[in-house]
Each structure stands twice: as structure tokens, then as C-alpha cells.
Amino acid sequence: MPDVFGRLSLNTMTTKGWTLRQAVEQTAAAGLPAIGLWRARVAEAGVEQAAKIVGDNGLRVSSLCRGGFLTGLDDHDAALEDNRRAIDEAAVLGASELVMVTGGMPDRDLVGARGRLADRLAELVPYAADHDVRLALEPLHPVFCADRAVISTLGQALDLAAPHPARTVGVVVDTYHVWWDPALAESVARAGAQGRISSYQVCDWLVPMAPDPLVSRGMMGDGIIDFSAIGTMVRDAGYAGDVEVEIFNETIWATNGVTVLETMKQRYRELVWPALDSPGADHSQTAE
């Protein structure tokens, strides 16, 4: 029998109320092999202790979130220093992928913000390479362009990554942010051909949305996303890494974490895993 949950990872934001130790121990108890960590949760325990807790429970770290916010006008040195710290933390935790939320618009100059992003990313790449950490660029839905991410499509993320080696700059395929993109199939295939898929993250797009789009993510199956279609794209692109469930949702945060984990496993089994495990899947993804 195939290992249904052999790639499933709990992102700690999904069970926001848990401490790092609680999240790690409950993830291991649920039979999952991996966990996605947020820096704030790691900081509460301390990075060395966090690494020990994860290791003692036999888990791998699927990603560390987040670096980025590289678009500010007057914070060049501070932004780079914070991202270097994030790279250091990822290395200690054994997280090969550092998710980068790139940053929004500090003024009305979108072109200028994207230019600063490209320049500062280039400054970080050698440091990331020295630490064997890949900077995983995450395009966010256009609703977040002004305040969180000036790259909105997977194609834009790939263009930004293009000057750099695939082993050092990758991209995140997050269903919440990319489901709407008419060029998604082409971009996922392109990302796979280049060996740049750093992470596949899943959650649903709710209708109607919550008043705050940031916390309008839903459990798989509660919204309108076709996980079979996107999962097939990711599978055919050769991605064989972990699949993170990352949900920002006030109702889910108020629900018992064990219940959330069990629901997550059930929905993953029913809606996500079948496409990823279909016969003929190519699990040969490698970075250039």
C-alpha cells in the first residue's frame, strides 16, 4: 500500500494556538513526517532548541517562513540583515527552503518596488548559497500586491528567479494564491522543467470571502479550488517534495488542534493525494 501521508506537512500557522513543541509533538503523533515552521514560533523556543525538538520527534522541516519584504524605500540594510538571519535559522533547522514573501508597495511606484526586490534578492543569493538554503519566492494573489507581494503570478516569480541558479532560488506553488492564474499550467510546467519548485502548499479559497482576505483561507474542500487539476500539474512537473497545509482562518484557529489535524489528513487523502499519486507520476525533480 502507498504511504498516503508520506509527504504531508503541517504548517504551524494552521494550528496557530499551539506552541512549537505542541505542534511538533502532535504532528509526529498524527503520523506525519514533516512540519513547516514560522520564524515567530521558532523564536519563542529559540532556534537551537527548536531544531532539537524537531529532531527528537523524527520530523523534517519542509520550509521556514518567512524571509522577504525587500521592497522598502529606506530599509536596505535592515531588510538584508533580517533575511540573513532567516537564512541562518533555516540552516540550523535543516530547512532547505526559506519562503520569501517579497514585500508590497511603500509608495505608488510599482516598477520601482519590483526593481528594488530584484536588486536585493541578488545581494542575498550568495549568502543563501553558502548556507545551502534556497530562497523560495512565493507569488501572492493580486489582492495582496499593495501591502505584501509585488509578484502575483508564478510566471513573475520565475522571471525574478531566472538570473540565479535553481538550487538557490525557487518558487512556491500555493493553491490559495495561484488557482485563478490563466497561465498556471504553463508556469508550473516551466518551474518543473527548471527544477525550481520549492514547495507545494494547499488550502482552499472560500466563497464568500472573510472581510479580511488574509484570514479567508479554508480547509481543502470548503471552497472552490480544484486540487485534482493543480495537483496533476505539480505532479507532472516532477515535484516529489512535501505538501504543506497552511491555513489562516479564525474559525480553524479556534478549533481544537487535534481535530484540525485529523480533518486535514482526511481532506488531504480525499482531495489532494489522489492526483499526486496517480500512475505515471514523475518523481525525478532536480535542481539545475
Side-chain angles (χ1 to χ4, degrees), residues 9 11-13 36-43 61-72 75-106 110 113-142 144-178 187 191 194-201 214 239 241-242 244 246 248 287:
S9 174
N11 186 286
T12 55
M13 189 57 75
L37 302 178
W38 272 69
R39 292 179 68 198
R41 190 62 76 219
V42 170
V61 179
S62 51
S63 73
L64 178 65
C65 193
R66 56 179 162 67
F69 285 85
L70 295 169
T71 57
D75 63 348
H76 173 276
D77 292 344
L80 291 180
E81 180 57 30
D82 182 64
N83 277 274
R84 292 189 188 103
R85 285 195 299 270
I87 291 166
D88 291 341
E89 292 164 11
V92 172
L93 292 164
S96 60
E97 310 290 348
L98 175 63
V99 175
M100 303 288 284
V101 177
T102 57
M105 298 169 56
L110 179 56
R114 287 173 174 158
R116 287 188 298 277
L117 168 61
D119 292 343
R120 294 173 185 180
L121 177 67
E123 292 186 66
L124 286 172
V125 163
Y127 193 84
D130 287 345
H131 290 74
D132 293 323
V133 171
R134 181 154 65 167
L135 306 177
L137 304 175
E138 182 171 20
L140 268 57
H141 188 280
F144 299 107
C145 184
D147 63 341
R148 291 184 179 274
V150 294
I151 55 172
S152 303
T153 69
L154 196 60
Q156 286 176 307
L158 288 166
D159 290 345
L160 184 60
H164 310 292
R167 66 181 181 276
T168 308
V169 183
V171 297
V172 178
V173 180
D174 184 329
T175 57
Y176 183 75
H177 293 302
V178 304
S187 295
Q194 296 176 6
R196 290 195 190 269
I197 302 179
S198 291
S199 178
Y200 181 40
Q201 296 183 335
L214 185 64
Y239 179 69
D242 292 319
E244 280 190 24
E246 182 187 54
F248 295 56

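Computed over heavy atoms, backbone and side chain alike; hydrogens, waters and symmetry mates excluded.
Expressed to the nearest 0.5 Å, how far CE of M100 lies from CD of E138 amounts to 11.5 Å. Separation of atoms CG (L70) and CG (L80) is listed at 6.5 Å; rounding is to 0.5 Å. Of the inter-residue distances, the one linking L124 atom CG with D119 atom CG reads 11.5 Å to the nearest 0.5 angstrom. Distance check: Q201 CD to C65 SG gives 7.0 Å after rounding to the nearest 0.5 Å.
H177 places a side-chain N or O within 3.5 Å of a backbone atom of H141 that can act as its donor or acceptor partner. A distance-only check finds a donor-acceptor pair linking the side chain of T12 to the backbone of W38 [under 3.5 Å]. Side-chain atoms of N83 come within 3.5 Å of backbone N or O of A79 as a donor-acceptor pair.
Side-chain atoms of V133 and Y127, non-hydrogen and from C-beta on, never get closer than 4.5 Å to each other. Side-chain contact check for L37 versus E89: every heavy-atom pair is 4.5 Å or farther apart. Here the side chains of S187 and V178 are not in contact, with every heavy-atom distance at 4.5 Å or above. Considering only heavy atoms from C-beta on, L64 comes within 4.5 Å of R39 through its side chain. Residues V172 and S199 meet the side-chain proximity criterion, which asks for heavy atoms closer than 4.5 Å. L135 places a side-chain heavy atom less than 4.5 Å from the side chain of I87.
A salt bridge does not link D130 with R84: none of the charged nitrogens is closer than 4.0 Å to a carboxylate oxygen. Taking the charged nitrogens against the carboxylate oxygens, R85 and D88 have no contact shorter than 4.0 Å, which rules out a salt bridge. A salt bridge is defined here as a Lys NZ or Arg NE, NH1 or NH2 lying under 4.0 Å from an Asp or Glu carboxylate O, and R114 with D159 fails to meet this definition.
Sorted by first then second residue, the salt bridge (Lys or Arg N to Asp or Glu O under 4.0 Å) pairs that include residues 147-158, not counting sequence neighbours, number zero.
With sequence neighbours excluded, the residues forming a ring pair (Phe, Tyr, Trp, His ring centres under 6.0 Å) with Y176 are W205, listed by chain and number.
Among all heavy-atom pairs drawn from T71 and G104, the shortest one is OG1-O, 2.6 Å. Taking both residues in full, the closest heavy atoms of S62 and E244 are given as OG-OE2, 2.7 Å, listed atom of the first, atom of the second, then distance. S152 and P142 make their closest contact through OG-CA, 3.8 Å (heavy atoms, listed as atom of the first residue, atom of the second, distance).
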Q.
Is there a salt bridge (Lys or Arg N to Asp or Glu O under 4.0 Å) between D75 and R116? Walk through the geometry before answering.
A. CA-CA 11 Å; D75 63 348; R116 287 188 298 277; over 6 Å; no
Q: Go through the steps to decide whether R134 and S198 satisfy the test side chain to side chain donor-acceptor pair (under 3.5 Å), and finish with yes or no.
A: CA-CA 8 Å; R134 181 154 65 167; S198 291; 3.1 Å; yes
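Considering T102, I151, L137, V150 in turn, I151 is the only one that fulfils the side-chain contact (heavy atoms from CB on, under 4.5 Å) rule with Q156.
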